[in-house]
K.L.:
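Input: one structure, supplied below.
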Amino acid sequence: RYRRCLRRRNGTQPLWPSGLGAGKLDWLGAFRIDGVSLLLSAWNGSVYNWLTGVGPVALLNATGKLTDGLLTSFAWVAGAVYAGDGTRPNVRITSTRVDQALPAAPLTAPTATDAGVGLLSAGTYQYKVVFLSAAGVETEAGPASSALTIAATRYINLTAIPLGAAGEDVSGRRLYRTSDAGTTYYRLATINDNTTTTYTDNTADLTGNTEISTGRAALPPCRYLVEHHHRACGAGSLGADGDERTLYISNFGEPEVSPASPNLTLVTEGTRISLSGEVDGKIMALASHGDKLWV
């Protein structure tokens with residue numbers, strides 16, 4: 001029974017999670033986030049704060065974010081706490097709530113149609129959509145829309161703009177568009193919700209706008225997570241998009257993202273390093289000490 005209670009220092013009073021049912025603590029750690037002290041635990045698949053004065057209370061949006069009974073690790077990276085159990089997607093924890101660290105990328109493309117007289121020049125255009133996490137981090141882009149060719153001085157309607165699935169914690173979407181017959185996508189607009197499915201494009205020139213990013217694959221679910229030089233480093237992935245023999249290193253300052261095919265000439269990009277040698281070997285622990293990451 002003592003696997004599911006805490007005891008106060010210099011005392012014997014147990015802190016029981018009243019009403020939470022059976023189970024055990026899968027992790028416990030203290031953090032100070034946004035100026036608030038929290039004693040966090042993974043319990044019954046959710047994240048609880050014990051420093052409430054009334055016993056453990058689940059953070060907002062925390063229910064079902066983790067897997068009950070699996071070892072969970074928490075790491076402080078880039079101003080928030082990240083947690084993973086190796087099976088469900090990693091989560092980002094603030095002082096009040098828990099969100100999926102990075103949603104899955106869009107699976108579909110928007111539909112573009114010629115809508116009448118407007119400001120766009122004659123040409124051929126395509127669109128892509130990216131999802132935004134609760135913290136505003138971009139996912140990988142979804143597929144490109146079918147190419148649409150228009151005459152001069154027209155505008156374009158976008159419909160069927162993809163929505164994030166329930167539980168993915170999508171805070172918004174970004175639209176990117178090519179220039180005439182181009183292959184580079186430039187930022188067109190940001191939709192700050194996960195409900196709107198239409199947009200009117202009457203923007204003539206996107207020259208100078210931010211180009212779409214690539215290599216935005218999510219850091220796979222990791223049961224071992226540590227911070228190392230402003231990156232999340234993880235291992236022990238039991239999900240379909242990872243394995244137990246690979247060390248996953250995030251982008252600098254972006255704990256959510258670990259490129260599957262990184263550009264190693266960019267010092268800010270992360271990477272993925274697989275063990276070599278022992279066929280049946282797997283990573284069992286990680287530790288950061290000084291300038292070294294120990295595996």
K.L.:
Under the 3.5 angstrom rule, does the side chain of T268 hit a backbone N or O of F252 as a donor-acceptor pair?
P.N.:
no
K.L.:
Side chains of V295 and L286: does their closest heavy-atom pair fall under 4.5 Å?
P.N.:
yes
K.L.:
Is the backbone of C222 close enough, under 3.5 Å, to the side chain of N90 for a donor and an acceptor to pair up by distance?
P.N.:
yes
K.L.:
Please check if the side chain of N44 supplies one atom and the backbone of D68 the other of a donor-acceptor pair under 3.5 Å.
P.N.:
no
K.L.:
Applying ring pair (Phe, Tyr, Trp, His ring centres under 6.0 Å), name anything that partners F74, two or more places apart in sequence or on another chain.
P.N.:
W27
K.L.:
Which atom pair, heavy atoms only, marks the closest approach of S258 to I249?
P.N.:
OG-O, 3.2 Å
K.L.:
Any side-chain donor paired with an acceptor under 3.5 Å for T246 and S274?
P.N.:
yes
K.L.:
So which pairs with a foot in residues 218-235 pass side-chain hydrogen bond (donor to acceptor under 3.5 Å, both in side chains), sequence neighbours left out?
P.N.:
H228-S288
K.L.:
If you take all heavy atoms of A75 and L225, which pair is closest and at what distance?
P.N.:
CB-O, 3.7 Å
K.L.:
Would you confirm whether D85, through its side chain, and T72, through its main-chain N or O, come within 3.5 Å as a donor-acceptor pair?
P.N.:
no
K.L.:
Is there a donor-acceptor contact under 3.5 Å from the side chain of T124 to the main chain of D180?
P.N.:
no
K.L.:
Hey, can you tell me if W50 and W43 have their rings parallel, tilted or perpendicular (30° and 60° cut-offs)?
P.N.:
perpendicular
K.L.:
Mark yes or no for whether R88, through its side chain, and K65, through its backbone, hold a donor-acceptor pair below 3.5 Å.
P.N.:
no
K.L.:
Between D114 and G116, is there a donor-acceptor pair closer than 3.5 Å when you use the side chain of the first and the backbone of the second?
P.N.:
yes
K.L.:
Donor-acceptor pair, E168 side chain versus A104 backbone, under 3.5 Å?
P.N.:
yes
K.L.:
Checking the side chain of S237 only, and the main-chain atoms of P221 only, is there a donor and an acceptor separated by less than 3.5 Å?
P.N.:
yes
K.L.:
Please list, chain by chain and in numerical order, all residues satisfying side chain to side chain donor-acceptor pair (under 3.5 Å) with Y176, sequence neighbours excluded.
P.N.:
E138, R187
K.L.:
Using atom types as modelled and distance alone, determine if a side-chain donor or acceptor of N251 lies under 3.5 Å from a backbone N or O of E254.
P.N.:
no
K.L.:
Thinking salt bridges, do R97 and D169 make one under a 4.0 Å N-O criterion?
P.N.:
no
K.L.:
Distance only, no hydrogens: is a donor on one side chain within 3.5 Å (strictly under) of an acceptor on the other, for Y125 and D201?
P.N.:
no
K.L.:
Closest heavy-atom contact between L66 and A42?
P.N.:
CD1-CB, 3.9 Å
K.L.:
Looking only at the side chains, is there a donor atom on one of T139 and R216 sitting less than 3.5 Å from an acceptor on the other?
P.N.:
no
